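In what follows, a single structure is set out as structure tokens and then discussed.
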Amino acid sequence: NKKVNPFKLVENDLNNLYKDIRKELWTERPELEEIASYYFDGQGKAFRPMIVVLIARALNFHVNRVPDLKDSQKTVAMVTEMIHTASLVHDDVIDTADTRRGKPSVNVLWGQKKAILAGDYILSRASQMLARLRNDEVIFVLSQVLLDLVQGEFMQMGSKEDESERFSHYIHKSFKKTASLIAYTCKAVSLLSGANKNFQEAAFQYGRNLGIAFQLVDDLLDFVSSQAELGKPAAADLKLGLATAPVLFASEKFPELNIMIMRRFSEPGDVERAYEAVMKSDGLDHTRLLARKHADEALRHISPFADSPEKQALVMLAEMTLNRKK
Ligand code: 2DE
Ligand code: MG
Ligand code: MG
Ligand code: MG
Ligand code: MG
């Protein structure tokens, strides 16, 4: 059982991904093209396209013993990264974030108005690429992602009055804001592989669980990583008023957190006190355990896939999601 290298497996398929995206972003407005292309510099982790390509290849192999990526699946991988990036350009406007991926954010370099338009422009090009696939089901599935992203971001702006509903609200929000994109893009490439309904659902569930694990780890890293490691400010979520899993778990031991959660850490000293409480509680351990549970669940869903290097890489990806440091 030789160790596979997930990066090597997708190397050929992802090699030209950013270059190909930049080609799609061509427009006779040079500044619009420049802003829209800014994050497609090949420096991103390309975590999402990697998952999509590996699911596609694993199911292509499962269905006809040939893993080679289809052009339509390559398009979905590109569209995945484009939707993700567009949402981040808008997210940084909403969060007034001034760094992203270790560089100044689009809103800092070009201002909010152009950032909003650049995000819209990336989405409009992604829509055209999708339309060119002439596949209703794929278009339908990826439209759901856009809807979920907006709803997830909106859900995050409110705090649940009822303490007992907070955790399920948080998980639901995490699905919409983060996991939906991974889950539905996995489903889209599984449709294009010709896999049957059971395997389409398995691909969806792999993406859903991996995505929730990914967000739980993201929320954990916000407490334990530094600005230098993340390429964005640490403890940023509390400062934004967000009660993520570590805080929600900590509130079981420190009920005084509940009032701060309700006022979204807006009083002087709230952020520092909440941070301390999380550190003194087992909130971080609980969050890590829950991420592990979702990663295990992701693996359970792909266990019926025919064995292949791609399937083994999908297993490793779940591990990497739990162990990442940024
Ligand atoms: C990252 O969240 C953002 C996720 C989704 C944003 C969705 C928007 C709706 P974070 P970080 C803005 C519009 C959707 C479009 C344009 C498709 O937790 O920590 O703030 O990386 O992430 O800033
Ligand atoms: Mg943000
Ligand atoms: Mg945000
Ligand atoms: Mg975050
Ligand atoms: Mg993030």
Side-chain angles (χ1 to χ4, degrees), residues 35-36 39 43-45 47-48 78-108 112 114-130 139 141-159 170-185 211-227 229-248 264-265 278 284 287 291 321 324-326:
I35 304 171
Y39 291 127
Q43 299 303 302
K45 296 188 286 268
F47 178 69
R48 290 161 184 81
M78 289 166 70
V79 166
T80 300
E81 188 67 359
M82 290 168 79
I83 295 175
H84 173 57
T85 302
S87 78
L88 293 180
V89 173
H90 284 182
D91 177 66
D92 286 341
V93 172
I94 294 170
D95 293 346
T96 57
D98 48 20
T99 54
R100 166 74 59 190
R101 295 178 180 167
K103 346 199 257 185
S105 58
V106 165
N107 42 304
V108 157
Q112 303 204 354
K114 286 178 179 173
I116 291 167
L117 288 172
D120 289 340
Y121 174 67
I122 296 168
L123 275 187
S124 65
R125 286 300 194 199
S127 309
Q128 289 179 320
M129 291 165 68
L130 265 187
I139 293 172
V141 159
L142 292 188
S143 308
Q144 184 65 43
V145 174
L146 301 182
L147 183 60
D148 284 346
L149 281 170
V150 176
Q151 287 184 345
E153 187 72 5
F154 209 87
M155 283 172 83
Q156 187 171 278
M157 290 181 176
S159 303
Y170 161 82
I171 293 291
H172 193 196
K173 181 273 305 171
S174 297
F175 171 73
K176 293 198 175 251
K177 205 187 83 171
T178 308
S180 171
L181 175 73
I182 304 175
Y184 283 111
T185 52
I212 292 177
F214 185 86
Q215 186 58 49
L216 285 163
V217 173
D218 195 73
D219 294 343
L220 186 92
L221 289 176
D222 198 60
F223 282 92
V224 299
S225 287
S226 66
Q227 161 137 14
E229 284 171 301
L230 290 175
K232 62 190 171 196
D237 291 337
L238 284 176
K239 291 173 198 157
L240 288 170
L242 304 180
T244 56
V247 185
L248 294 175
R264 299 178 73 84
F265 313 105
V278 167
L284 295 175
T287 304
T321 298
R324 74 193 174 95
K325 295 279 176 280
K326 58 174 195 164

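Since this is a predicted model, take the numbers as computed values, not measurements. Atoms considered below: every heavy atom in the structure, side chains included; atoms not considered: hydrogens, waters and symmetry mates. Counting convention: from 1, in listed order, for ligands and their atoms alike.
- Short contacts between ligand 1 and Ile94, defined as distances under 4.0 Å to a heavy atom of the residue, involve ligand atoms 12 (C).
- Taking only nitrogen or oxygen atoms, main chain and side chain alike, Asp91 reaches within less than 3.5 Å of ligand 1.
- Assignment of Arg100 to the shell around ligand 1 is supported, since a heavy atom sits closer than 4.0 Å.
- The Asp95 neighbourhood of ligand 1 comprises atoms 20 (O), with distances under 4.0 Å to a heavy atom of that residue.
- Considering only heavy atoms from C-beta on, Tyr39 stays 4.5 Å or farther from Glu81 through its side chain.
- Short contacts between ligand 1 and His90, defined as distances under 4.0 Å to a heavy atom of the residue, involve ligand atoms 12 (C), 16 (C).
- Note on Asp95: its N/O/S atom closest to the Mg ion (ligand 3) is OD2.
- Distances from the Mg ion (ligand 4) show that Asp218 has an N/O/S atom below 2.8 Å.
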When you look at Leu220 and Leu216, which way does the side chain to side chain contact (heavy atoms under 4.5 Å, CB included) test go after all the steps?
-> CA-CA 6 Å; Leu220 186 92; Leu216 285 163; over 6 Å; no
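- When side chains are defined from C-beta on, Asn107 does not count as touching Thr96, because their heavy atoms never get closer than 4.5 Å.
- Heavy atoms of Leu123 found under 4.0 angstrom from ligand 1 belong exclusively to the side chain.
- At least one side-chain heavy atom of Met129 sits less than 4.5 Å from a side-chain heavy atom of Met82.
- Close N/O approach between Lys177 and ligand 1 is found [any backbone or side-chain N/O within under 3.5 Å].
- The CD atom of Gln156 sits 7.5 Å away from atom CG of Asp91, with the distance rounded to the nearest 0.5 Å.
- Between the Mg ion (ligand 3) and Asp92 there is no N/O/S contact shorter than 2.8 Å.
- Between Asp148 and Ser180, the side chains place a donor N or O and an acceptor N or O closer than 3.5 Å (distance only, hydrogens not considered).
- The structure places CG of Asp222 at 7.0 Å from CG of Leu238, a figure rounded to the nearest 0.5 Å.
- With a 4.0 Å cut-off on non-hydrogen atoms, Thr178 does not touch ligand 1 at all.
- Salt bridge Asp218/Arg324: present, at least one basic N to carboxylate O contact under 4.0 Å.
- The Mg ion (ligand 3) lies under 2.8 Å from an N, O or S atom belonging to Asp91.
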